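Predicted, not measured: the structure shown is a model, and the values here were computed from it. Sequence positions, counted from 1, serve as the residue numbers for this chain. Worth knowing before you read on, the calculation uses all heavy atoms, side chains too, and leaves out hydrogens, waters and symmetry mates.
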Amino acid sequence: MKEEEASLMILQHAIDKLEADKKMQVMNCVAAIQEVMQRFEAEEAGLALMLVAAQVAAE
């Protein structure tokens, strides 16, 4: 299993354990992010997403 697949499984498991309202907030945020990302080239949108993730993790 790749590291990315393992990370995805860990995140999905953590989200599944959330209360229903919090899980819905997360999934709505995911949908909104994916919608915005579709407006850009895939590679650049992916880099931007990684930058935001790193900024959030650093906070």
Side-chain angles (χ1 to χ4, degrees):
M1 176 181 305
K2 293 181 182 179
E3 184 177 330
E4 294 86 356
E5 291 171 336
S7 294
L8 179 58
M9 287 178 60
I10 291 167
L11 286 168
Q12 287 175 328
H13 183 69
I15 291 167
D16 286 342
K17 288 183 156 189
L18 293 173
E19 296 174 14
D21 61 328
K22 300 231 183 259
K23 183 177 179 178
M24 182 60 70
Q25 287 181 38
V26 170
M27 298 314 295
N28 286 340
C29 185
V30 168
I33 291 168
Q34 289 173 332
E35 181 181 330
V36 170
M37 287 179 67
Q38 290 178 3
R39 299 179 199 161
F40 302 92
E41 296 292 327
E43 187 173 342
E44 287 74 16
L47 287 171
L49 182 59
M50 287 187 281
L51 175 60
V52 170
Q55 290 171 335
V56 169
E59 291 178 355

Linked hydrophobic residues, I15 as query - side chain contacts closer than 4.5 Å: L18, V26, M27, V30
About how many Å separate CD of Q34 and SG of C29, when rounded to the nearest 0.5 Å? 10.0 Å
Excluding sequence neighbours, so at least two apart, what forms side-chain hydrogen bond (donor to acceptor under 3.5 Å, both in side chains) with K23? D16
For residues 45-59, which residue pairs qualify under salt bridge (Lys or Arg N to Asp or Glu O under 4.0 Å), counting only residues two or more places apart or in two chains? none
Results of side-chain contact (heavy atoms from CB on, under 4.5 Å) for K2 - residues two or more places apart only: E4, E5
Run the side-chain donor-acceptor check on residues 38-55: report pairs under 3.5 Å with partners two or more places apart or on a different chain.
none

Roughly how far apart are Q12 CD and K17 NZ, rounded to 0.5 Å? 14.0 Å
